[in-house]
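I have placed the structure first, in the form of structure tokens, so that the comments after it can refer back to it.
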Amino acid sequence: MNLFEQYPVSITNSLSGSKELFTPINPPFVGLYSCGPTVYNEVHLGNLRTFTAFDVVFRYLTHIGYKVRYVRNITDAGHLTNDAGEGVDRIEERAKLERLEPMEVVQKYTYGFHEVCRIFNILPPSVEPTATGHIVEQIEMVKKILENGFAYEKNGSVYFDVRKFMEKHKYGELSGRNIDDLLEGTRELDAQEEKKNSVDFAIWKAVTPSHIQRWPSPWGDGIPGWHLECSAMGTKYLGKEFDIHGGGMDLKFPHHECEIAQSVGAYGHAPVRYWMHSNMLTVNGEKMSKSKGNSFLPRELFAGEHPLLDKAYSPMSVRFFMLQSHYSSTLDFSNEALGAAEKGYRKLSAALASIKDMVYPTAAVINQELKDEIIRLTADCYRTMSDDFNTAKTLAVLFEMASRINDFKSGNTPIGSVDALTFEKLKATFIGMMEDVLGLVEDKTTNNDLLEGTINVLIELRKKVRADRNYALSDKIRDDLQAIGVQLKDGKGGEISYTIEL
RNA sequence: GGUUCCGUGGCCGAGUGGCUAGGCUGAGCUCUGCAAAAGCUCCUACAGCGGUUCGAAUCCGCUCGGAACCUCCA
């Protein structure tokens with residue numbers, strides 16, 4: 001029996017607003033799409049929260065046996081600063097600012113994004129398509145929409161005709177928007193406006209020859225509309241209908257609403273079964289965003305170089321911090337919260353290191369109560385993750401497991417008081433949940449053989465003087481090491497371990 | 001103005017009708033030569049006011065407060 005059959009997944013579907021049992025179109029295959037970054041500048045921590053959320057979705061679905069094809073795009077063309085069409089092209093704008101070619105901008109920030117993902121242990125998706133690599137597909141889609149009568153051309157641009165679309169289909173279902181009100185409220189279009197209605201949106205946008213990023217099309221040189229790329233690439237790699245589409249809450253309208261309309265306009269049916277939206281990272285209760293100027297960059301975090309940060313925080317502490325709340329809730333970013341997360345994460349990380357080294361000895365007297373508890377905890381991990389990817393609850397379970405692991409480590413409880421099967425289940429589940437599902441690997445504070453060797457020399461020395469009951473000297477060794485960030489810990493059997501805290 | 005969401009103990013943050021979430025902080029105890037780590041115990045809250053119910057943080061209404069989207073943002 002597959003894990004996904006044993007622990008059926010439920011997902012809060014933005015379309016219905018309620019939690020639904022997840023049934024893939026073609027099990028065990030799952031098509032997952034999430035909106036990636038527009039690579040016109042550095043990603044900040046708010047962006048990262050969303051990527052982390054869907055990274056965990058990808059990891060968990062894979063972990064429980066689904067064959068997931070995860071598509072996350074790179075937007076490297078067509079993203080204007082507003083929909084109306086008079087907006088500035090983000091990438092062109094940045095290129096002018098940095099005196100680079102647009103593709104240099106794209107390259108620079110794409111690499112930067114990948115580097116940040118690596119640092120935060122966000123897995124690469126199965127396919128990472130770019131808008132510039134799929135101009136042909138996007139043009140084909142525009143053609144289809146035009147053929148079906150849901151778009152019109154004006155001065156070399158093509159706009160999606162929302163009002164026409166609404167004669168046959170619904171628009172605004174995802175975001176719960178009443179478009180009649182929108183149409184009413186914004187009737188006044190200025191004379192320059194090419195759109196028939198303000199709710200119409202560009203699916204192909206004409207640009208002037210001075211625009212470096214531009215492609216030929218049946219309607220003249222231009223760029224694809226921003227909303228279109230996700231529809232075109234999602235369709236190409238996942239099909240005309242696929243299972244899950246995710247993204248940040250702020251993309252729900254208009255971006256995702258437009259995606260739905262385009263796909264329906266082109267193929268006659270809705271593209272996605274389950275829509276998932278991750279909530280915003282906030283600072284003092286307000287959304288973290290570039291335009292508000294309250295965003296934090298990953299490198300500022302690691303260096304502790306930000307006016308609002310007391311110190312540096314490790315990538316895994318931050319990942320843990322994000323996973324401690326549910327993806328659908330806002331999460332407030334602060335020094336206090338981050339500091340608490342760092343300590344909590346260290347505790348789990350230490351338990352992870354401990355259990356990795358543990359081997360089952362011979363069975364002793366079996367403690368049935370403990371055995372039952374451990375079995376329950378291992379199942380709880382899956383139950384909570386299958387319950388709409390509740391990482392916060394799962395971490396709570398992992399903390400309970402960590403306490404049992406520490407009992408084993410300290411010798412409070414002999415490992416043999418549970419049977420070998422139970423112990424192996426605890427070990428596999430804890431490691432699997434931490435590393436594979438949540439992506440919380442051990443913080444690599446030490447990967448230096450020389451340092452490790454040197455500390456071990458001092459540890460051996462301290463063991464000797466302790467055996468000689470020369471506590472003055474043994475304390476000095478410990479205190480001096482602690483002063484530079486190396487904490488020695490005396491075990492019960494006389495063994496000494498250490499942790500490095502910078 | 002329209003649409004939607006939220007308000008949980010010192011702090012962060014789960015929780016969708018009945019069972020102590022969890023983490024951090026603080027206090028105490030155990031272990032330890034002393035520490036550290038670890039284990040255990042304690043501090044038991046749901047913005048306010050009404051209502052439904054045998055029973056509500058959880059459902060409904062109102063009030064107050066905060067936020068997001070409606071213009072680019074994950």
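All chains are named by letter (A, B, ...) in the order of the sequence lines, taking the proteins before the strands, and each is independently numbered beginning at 1. Just so it is clear, the structure is predicted and the values come from calculations on it, not from any experiment. Below, all heavy atoms of this structure are taken into account, side chains as well, without hydrogens, waters or symmetry copies.
- If you check every strand for non-hydrogen atoms under 4.0 Å, A/R383 touches nothing.
- Distance, A/F399 CZ to B/G39 C1': 16 Å, rounded to whole Å.
- Looking at which nucleotide of RNA chain B each of A/Y40 and A/K19 is closest to, the 5′-most match is held by A/K19.
- Within 4.0 Å (heavy atoms only), A/D490 reaches at least one base atom of the nucleic acid.
- Under the 6.0 Å cut-off for aromatic ring centres, A/F120 and A/F302 qualify, their centroids lying closer than that.
- Nucleotides B/C11 and B/U44, compared at atom P, are 14 Å apart to the nearest Å.
- Looking at A/E115 and A/R118, a side-chain N of the basic residue comes within less than 4.0 Å of a carboxylate O on the acidic one, giving a salt bridge.
- Counting only heavy atoms from C-beta on, A/K489 has its side chain closest to B/A37 among B/A74, B/A37, B/G39.
- A/L348 has its CG atom 16 Å from the P atom of B/A37, to the nearest Å.
- In this structure, the nucleotide among B/A38, B/C40, B/C69 sitting nearest to the side chain of A/K347 is B/A38.
- Below 30°, between 30° and 60°, or above 60°: for A/H245 and A/Y33 the angle between ring planes is between 30° and 60°, a tilted geometry.
- Test A/D55, A/V441, A/L48, A/I119 against A/R319 for side chain to side chain contact (heavy atoms under 4.5 Å, CB included) and you get one pass: A/D55.
- If you check the side chains of A/Y159 and A/E194, you find a donor sitting under 3.5 Å from an acceptor.
- Inspection of the A/T38 and A/R94 side chains reveals no N or O donor paired with an N or O acceptor under 3.5 Å.
- Within the 4.0 angstrom heavy-atom criterion, no nucleotide atom of any strand lies near A/K409.
- Between the CG atom of A/N284 and the P atom of B/C12 there is a distance of 11 Å, given to the nearest Å.
- When the P atom is compared between B/C46 and B/A57, the two are found 9 Å apart, to the nearest whole Å.
- The side-chain tip of A/R72 does not point at the ring of A/F54 from less than 6.0 angstrom away and within 45° of straight on.
- Nucleic acid contact class of A/L398 (heavy atoms, under 4.0 Å, all strands): none.
- Base contact: A/G46 has a heavy atom under 4.0 Å from a base atom.
- Comparing the same atom, C1', in B/A45 and in B/C40 gives a spacing of 23 Å after rounding to whole Å.
- Centre separation under 5.5 Å together with a plane angle under 30° holds for the ring of A/Y471 and the six-membered base ring of B/G33, marking them as stacked.
- Atom pair A/E286:CD and B/G7:P shows a separation of 19 Å (rounding to whole Å applied).
- If you measure from atom CG of A/D200 to atom P of B/U71, you get 13 Å, rounded to the nearest angstrom.
- Using a 4.0 Å heavy-atom cutoff across all strands shown, A/D407 reaches sugar-phosphate atoms only and no base atom.
- Spacing of C1' atoms, B/C12 relative to B/G50, comes out at 32 Å, to the nearest Å.
- Counting non-hydrogen atoms of other residues, nucleotides and ligands closer than 6.0 Å to NZ of A/K476 gives a total of 12 or fewer.
- A/T413 comes within contact range of no nucleotide atom at all, as no heavy-atom separation falls under 4.0 Å.
- Among the heavy atoms of the strands, none lies under 4.0 Å from A/S278.
- A/H79 comes within contact range of the sugar-phosphate backbone alone, with a heavy-atom separation under 4.0 Å but no base atom that close.
- Looking at the side chain of A/R462, the nearest of the listed nucleotides B/A74, B/G33, B/G13 is B/G33.
- With pairs defined as Watson-Crick or G-U wobble and both atom distances under 3.5 Å, the stems of at least three pairs that touch RNA chain B come out as B:1-7 with B:64-70, B:10-12 with B:22-24, B:26-30 with B:38-42, B:47-51 with B:59-63.
- Rounded to whole Å, the P atom of B/U52 lies 28 Å from the corresponding atom of B/G65.
- Across all strands, A/S474 comes closer than 4.0 Å to base atoms (heavy-atom distances).
- Taking the six-membered ring where tryptophan is involved, the planes of A/F51 and A/F113 are perpendicular, since the angle between them exceeds 60° and thus also 30°.
- Among the nucleotides B/A14, B/G39, B/C70, the one closest to the side chain of A/N406 is B/G39.
- The side chain of A/Q324 has B/G23 as its nearest neighbour among B/G23, B/C69, B/G13.
- One atom, CG of A/D332, and another, P of B/C5, lie 21 Å apart when rounded to the nearest Å.
- Comparing A/R49 and A/T282 along RNA chain B, the residue whose closest nucleotide (by nearest heavy atom) sits nearer the 5' end is A/T282.
- With both ends at atom C1', the span from B/C19 to B/G33 equals 45 Å, rounded to whole Å.
- Here the P atom of nucleotide B/A14 and the CG atom of A/D388 are 12 Å apart, to the nearest Å.
- Using a 4.5 Å heavy-atom cutoff, the side chains of A/N73 and A/V71 are not in contact.
- The gap from the C1' atom of B/U53 to that of B/C59 amounts to 10 Å, rounded to the nearest Å.
- B/C5 and B/C62: their P atoms are spaced 14 Å apart (whole Å).
- Put simply, NZ on A/K252 is 15 Å from P on B/A68, counting in whole angstrom units.
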